[in-house]
Number of protein chains: 2
Amino acid sequence: MKIPSSSIPRISRYYRVLLSLKDPVVSSQELADLTGSGAAQIRKDLAYFGQFGRPGKGYGTEALKQELKKILGIDRNWAVALVGIGNLGSALLAYKGFKDQGFNIKYAFDNDRKKIGRSRQGIKIRDIKNIPSVIKASGIEMAVIAVPQSSAQDVVDMLVASGIKAILNFAPAVLKVSDGVELLNIDLSIEMEKLTYFLQRNKA
Amino acid sequence: MKIPSSSIPRISRYYRVLLSLKDPVVSSQELADLTGSGAAQIRKDLAYFGQFGRPGKGYGTEALKQELKKILGIDRNWAVALVGIGNLGSALLAYKGFKDQGFNIKYAFDNDRKKIGRSRQGIKIRDIKNIPSVIKASGIEMAVIAVPQSSAQDVVDMLVASGIKAILNFAPAVLKVSDGVELLNIDLSIEMEKLTYFLQRNKA
DNA sequence: TAGATTGTTAATCGATTAACAATC
DNA sequence: TAGATTGTTAATCGATTAACAATC
């Protein structure tokens, strides 16, 4: 069955809400109130992956939580490589929430001679040139990149050639990856421009 | 006419590509090759806002660039308030790209006594308690928030009550705002979980 | 004039919502 | 049994893509 890609971030949100839910049982309507999605939407999203509820009753909170973890693939830890230790990269390296959620930044890379060899947050900063050898040997599949636009495609190519299968990119660039590799972009400018579009439109 | 909201980030991408385009004229097909959107999609997106091209010729690069700036509301500067000067907030404050694109972080707020009164990047850090007076007096309409989840809703409420109309939120929380206020969320966990979903699915 | 490419209408596709029989 | 709520099918809605007349 084809699962709409928009369903995945919604499932993440259902999971977030379940984390702070006290009741042992929850209905799609309650989840709807808490997440802002519709109740039918929630039942549909869950139905893509199985039958987790009991008609007339609802969903067992704890059981559903575990199911959603499995669906999202967060029922385990993930090692992550971080490339680009500038302002944003450093902030990501220091971000506690990462480790809490099972993401372990295991390797950090930069091309700045002044940074290479130093440690931040207990992680040694390595030369970008060593990406192929280090990543291949590690078997890591996830990477986060926070490098300037100008080097983003080169870094992505290196990562993909080294076996990385999923990339979160903060560089404001249109990047190409081969099939079978997932690339997600978080582009600050684009988000800001959604806001200015909104503001501008409501003036005119 | 109803404009699909997904069209706006695409227009941002068209604009990005135009910035580094040398040719004086560009066709929807060329733009498609450069952005990864379809040519028909591009013509449709542009058509929502007017007739910018010449049949048989294409679009004038410079003229189109100016039109897209107007559409996105980036043909002017915007003052921005930043709330939460932790790791991420500091990185955002230091981010040069912001000012380059016409976003001026004019005020910074935090609730940490050790930070309040100090300056970062030439911006004085103020007490969160002063949001109402400072924002009301300034007339600022945009805010970026990088506070912990636990205080995010309170901060949003304060900002909205002070006249803020557009918010970019980095806190991993489901936040409520009144009608007429635009709230965008950048949730790192959700993005990471899109990646783990992908990785997990391709194993099973 | 012939070739190219827009702007727009119509067709397709996919996702969301509504409705309800099945079931606890 | 009566009431509640799921899982699923059908209906609706909206967005993308294809096709093509108009026009440079």
Side-chain angles (χ1 to χ4, degrees), chain A residues 1-15 17-18 21 23-68 70-71 174 190 194 197 201, chain B residues 1-14 17-18 21 23-68 71 174 190 194 197 201:
Chain A
M1 186 184 4
K2 181 63 181 47
I3 296 160
S5 64
S6 45
S7 144
I8 307 307
R10 281 196 301 265
I11 288 184
S12 286
R13 267 183 292 271
Y14 308 154
Y15 175 71
V17 160
L18 288 178
L21 198 68
D23 328 23
V25 169
V26 62
S27 69
S28 58
Q29 186 53 56
E30 286 174 78
L31 273 177
D33 295 340
L34 292 165
T35 59
S37 295
Q41 175 95 82
I42 291 172
R43 292 199 300 279
K44 192 120 235 276
D45 284 337
L46 298 178
Y48 289 126
F49 298 97
Q51 307 190 154
F52 308 128
R54 293 216 302 167
K57 300 294 175 194
Y59 302 87
T61 304
E62 192 53 38
L64 185 57
K65 214 188 296 182
Q66 296 312 317
E67 292 291 350
L68 299 193
K70 266 194 263 176
I71 292 167
V174 179
I190 289 181
K194 287 186 198 164
Y197 168 74
R201 180 169 53 92
Chain B
M1 188 184 3
K2 180 65 180 47
I3 295 160
S5 65
S6 45
S7 144
I8 306 307
R10 282 196 302 265
I11 288 185
S12 286
R13 253 170 254 122
Y14 309 153
V17 161
L18 288 179
L21 197 68
D23 327 24
V25 170
V26 62
S27 70
S28 59
Q29 187 52 57
E30 286 175 76
L31 272 177
D33 296 339
L34 292 166
T35 59
S37 294
Q41 176 93 84
I42 291 172
R43 292 199 301 278
K44 192 123 237 277
D45 283 338
L46 298 178
Y48 290 126
F49 297 98
Q51 307 190 154
F52 307 129
R54 292 214 304 166
K57 299 296 175 192
Y59 302 87
T61 304
E62 191 53 38
L64 185 58
K65 214 189 295 181
Q66 296 313 316
E67 292 291 350
L68 299 193
I71 292 167
V174 180
I190 290 180
K194 287 185 198 166
Y197 168 75
R201 180 169 53 93

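Since we're looking at a predicted model, the values are computed, not measured. A, B, ... follow the sequence lines: proteins, then strands. Residue 1 opens every chain.
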Rounded to whole Å, how long is the line connecting atom [atom1] of [X] with atom [atom2] of [N]?
X       : N      : atom1 : atom2 : value
B/Leu46 : D/dT17 : CG    : C1'   : 16 Å
A/Lys57 : D/dT5  : NZ    : C1'   : 10 Å
B/Gln29 : C/dG7  : CD    : P     : 15 Å
A/Asp23 : D/dT5  : CG    : P     : 12 Å
B/Arg10 : D/dT17 : CZ    : C1'   : 11 Å
A/Leu31 : D/dA4  : CG    : P     : 19 Å
A/Asp45 : D/dG7  : CG    : P     : 12 Å
A/Arg54 : D/dG3  : CZ    : C1'   : 15 Å

Audit row: B/Tyr48, B/Ile71, side chain to side chain contact (heavy atoms under 4.5 Å, CB included) steps and yes/no: CA-CA 10 Å; B/Tyr48 290 126; B/Ile71 292 167; over 6 Å; no
Residues, nucleotides or ligands: over 12 heavy atoms within 6.0 Å of A/Lys65 NZ: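 Count over threshold, so yes.
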Which residue lies more 5' along DNA chain C, comparing A/Ile3 with A/Gly56 via nearest heavy atoms: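 Looking at DNA chain C, the more 5' nearest nucleotide goes with A/Ile3.
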Check whether any side-chain nitrogen or oxygen of [X] sits under 4.0 Å from OP1 or OP2 of [N], and answer yes or no.
X       : N      : answer
A/Ser28 : D/dT6  : yes
B/Tyr59 : C/dG7  : yes
A/Gln41 : C/dA18 : no
A/Ser6  : C/dA15 : no
B/Lys2  : D/dA15 : yes
B/Gln51 : C/dT8  : yes

Which atom of [X] lies closest to which atom of [Y], heavy atoms considered:
X       : Y        : result
A/Thr35 : B/Val174 : O-CG1, 4.0 Å
B/Tyr59 : B/Leu64  : CB-CD2, 3.8 Å
B/Phe49 : B/Ser7   : CE1-OG, 4.4 Å

G-U wobble or Watson-Crick pairing nucleotide for D/dA18 (cut-off 3.5 Å, both distances):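 Across any shown strand, D/dA18 pairs with C/dT9.
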Identified pairing partner of D/dG3, criterion: Watson-Crick or G-U wobble below 3.5 Å: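 The answer is C/dC24, by the H-bond criterion.
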Does [X] reach a base, just sugar-phosphate, or nothing at all? Heavy atoms under 4.0 Å.
X       : result
B/Lys44 : base
B/Gly38 : nothing
B/Ser7  : nothing

Selected nucleotide, minimal atom distance to [X] side chain, candidates [options]:
X       : options                : result
B/Ala40 : C/dT16, D/dT16, D/dA18 : D/dA18
A/Pro55 : C/dA18, D/dT6, D/dT16  : D/dT6
B/Ser27 : D/dT17, D/dA15, C/dT6  : C/dT6
B/Arg43 : C/dA15, D/dA15, D/dA19 : D/dA19

Side-chain donor-acceptor pair present, A/Ser37, A/Arg10, cut-off under 3.5 Å: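 No, no side-chain donor-acceptor contact under 3.5 Å.
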